[in-house]
Number of protein chains: 2
Amino acid sequence: MKKTILVFGLLILALLLLFQISKYAIISGDLNSEFVIATIAIVFFFIGIYLNKKSLHKQTNATKEIDYKKIEDLDISKREYEVLLGISEGLSNKEIGEKLFVSESTIKTHVSNLLTKLNAKRRTQALQIAKDFNII
Amino acid sequence: MKKTILVFGLLILALLLLFQISKYAIISGDLNSEFVIATIAIVFFFIGIYLNKKSLHKQTNATKEIDYKKIEDLDISKREYEVLLGISEGLSNKEIGEKLFVSESTIKTHVSNLLTKLNAKRRTQALQIAKDFNII
DNA sequence: AGTGGTTTGGTACTTTAGTATGAGCTATAT
DNA sequence: ATATAGCTCATACTAAAGTACCAAACCACT
């Protein structure tokens, strides 16, 4: 939000600056009006592209970004979240245990708690729910 | 490609038109130069936004589209693909069977064949691979 | 020093998942 | 007509996954 205001502020400043430049240029006859207008058109054309790319990028990223607040709301601990990531990579409990240097029993406990917190019956369902919540 | 050429052609035409309009407007003194320049700036600003939005939209859709050719390449049958979708919804074999009106045994067969074709050890891994291949 | 939350891990058990194999049934292409 | 491929289903089995319960160790906070 603050960035948007800043960008538009700079945009207005640039616009005013171009006004003055073009006025003097046309009056003094140093440059012809076509050239000034073409320059302005091109500059604003690319400003439009640039701003749009930024805002669209934010949107697409926003849907892909992880909702860390949701993870907290669901009361999922750091370790449980690591296990969830392991599941999303298609690993077995044993493999997740090896990756995190703990026993398979521990992973089972984490998975069981995760399923309760995500209100899922299976790990595949947990993945689906986690995706809906944008936490993976 | 053809559309791009058309759009840029129209863009150039619009530019030329604006040149003429602005020239006459400034010479005849009907409009002041600030107004003309501001109009041009705004018009091209929005043209930039519009064109960018279109091109970006195509890109984001392309990456999300399902690669049906890849499904064929992997030799995945229609029924097997339906089972894969069931898995991605987090359903159990039994639930997938109920959804497709076949027995759990049948689903097990399909799943087993799917895992072989996707070169996966588990259904969760199959999901991960299927996502990489853009087939779900 | 005690409390609460997290992490760890074990046992014992039930439930799913997955494999291997065989077999019957269709539609379709040769 | 007879392969061929896909879909169906069953049995019997092994391997994971998941539940329930318990308990110890740890860390941060008061």
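To find a chain, count down the sequence lines: A is the first, B the second, and so on, and within it residues start at 1. Computed from heavy atoms alone, side chains included, the values below leave out hydrogens, waters and symmetry copies.
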Would Ile136(B) and Ile66(B) count as a side-chain contact (heavy atoms from CB on, under 4.5 Å) here? Give the steps. CA-CA 6 Å; Ile136(B) 55 169; Ile66(B) 289 165; over 6 Å; no
Asp67(A)/Phe133(A) under side-chain contact (heavy atoms from CB on, under 4.5 Å): CA gap, chis, key distance, verdict: CA-CA 7 Å; Asp67(A) 189 350; Phe133(A) 284 159; over 6 Å; no
Ser92(B) vs Arg122(A), test: side-chain contact (heavy atoms from CB on, under 4.5 Å). Steps then yes/no. CA-CA 8 Å; Ser92(B) 69; Arg122(A) 282 163 293 280; 3.5 Å; yes
side-chain contact (heavy atoms from CB on, under 4.5 Å) for Leu74(A) and Ile135(A)? Distances and angles first, verdict last. CA-CA 10 Å; Leu74(A) 290 168; Ile135(A) 62 175; 4.1 Å; yes
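There is no side-chain donor-acceptor pair under 3.5 Å between Thr109(B) and Ser112(B).
Remark: Ser77(A) engages Glu80(A) in a side-chain hydrogen bond (donor to acceptor under 3.5 Å, both in side chains) (not counting sequence neighbours). Applying the salt bridge (charged side-chain N to carboxylate O under 4.0 Å, His left out) rule to Glu82(B) yields the partners Arg79(B); only residues at least two apart in sequence or on another chain are considered. Partners of Thr124(B) according to the side-chain hydrogen bond (donor to acceptor under 3.5 Å, both in side chains) rule, which considers only residues two or more places apart in sequence or in another chain, do not exist here. In this structure, Lys94(A) has no salt bridge (charged side-chain N to carboxylate O under 4.0 Å, His left out) partners at least two apart in sequence or on a different chain. Under the salt bridge (charged side-chain N to carboxylate O under 4.0 Å, His left out) criterion, Glu104(B) pairs with no residue at all, not counting sequence neighbours. With sequence neighbours excluded, the residues forming a salt bridge (charged side-chain N to carboxylate O under 4.0 Å, His left out) with Lys69(A) are Asp73(A), listed by chain and number.
Near-neighbour residues of DNA chain C inside residues 70-82 of chain A, defined by a heavy atom below 4.0 Å, number-ordered: Ser77(A), Lys78(A), Arg79(A).
Put simply, the side chain of Lys99(B) never gets that close to the backbone of Gly86(B): no donor and acceptor are under 3.5 Å apart. The backbone N or O of Lys121(A) sits less than 3.5 Å from a side-chain atom of Gln125(A), completing a donor-acceptor pair. Between the Lys70(B) side chain and the Asn134(B) main chain, no donor and acceptor come within less than 3.5 Å of each other.
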Nucleotide N/O to protein N/O under 3.5 Å, stretch nucleotides 13-20 of chain D:
| from | atom 1 | to | atom 2 | distance (Å) |
| --- | --- | --- | --- | --- |
| dA17(D) | OP2 | Asn93(A) | N | 3.0 |
| dA17(D) | N7 | Lys108(A) | NZ | 3.3 |
| dG18(D) | OP1 | Arg123(A) | N | 2.7 |
| dG18(D) | OP2 | Arg123(A) | NE | 2.8 |
| dG18(D) | OP2 | Arg123(A) | NH2 | 3.4 |
| dG18(D) | N7 | Lys108(A) | NZ | 3.2 |
| dG18(D) | O6 | Lys108(A) | NZ | 2.8 |
| dT19(D) | OP2 | Ser112(A) | OG | 2.7 |

Tabulated below should be each protein N or O lying under 3.5 Å from an N or O of nucleotides 24-28 of chain C; please produce it.
none

N/O contacts under 3.5 Å, protein versus nucleotides 25-29 of chain D?
none

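Ser103(A) has a side-chain polar atom (N or O) that falls below the 4.0 Å cut-off from OP1 or OP2 of dG9(C). At least one side-chain nitrogen or oxygen of Thr106(A) sits closer than 4.0 Å to the OP1 or OP2 atom of dG9(C). Residue His110(B) places none of its side-chain N or O atoms closer than 4.0 Å to OP1 or OP2 of dG18(C).
If you take CG of Leu118(B) and P of dG18(C), they are 12 Å apart, rounded to a whole angstrom. One can place CD of Gln125(A) at 13 Å from P of dT16(C), the figure rounded to the nearest angstrom. Distance, Leu84(B) CG to dG18(C) P: 12 Å, rounded to whole Å. Spacing between atom CG of Leu114(B) and atom C1' of dT8(D) amounts to 16 Å, rounded to whole angstrom units.
Within the structure, no pair that satisfies the salt bridge (Lys or Arg N to Asp or Glu O under 4.0 Å) test touches residues 123-132 of chain A, not counting sequence neighbours.
Mapping Val102(A) and Lys117(A) onto DNA chain C via the closest heavy atom, the residue that lands nearer the 5' end is Lys117(A).
Terminal axes of the helix from dA1(C)-dT30(D) to dT30(C)-dA1(D) (five pairs each, C1' rotation axis) are separated by 40°, to the nearest 10°.
Checking Asn93(B), Ile76(B), Ile107(B) one by one against Val83(B), the side chain to side chain contact (heavy atoms under 4.5 Å, CB included) holds for a single residue, Ile107(B).
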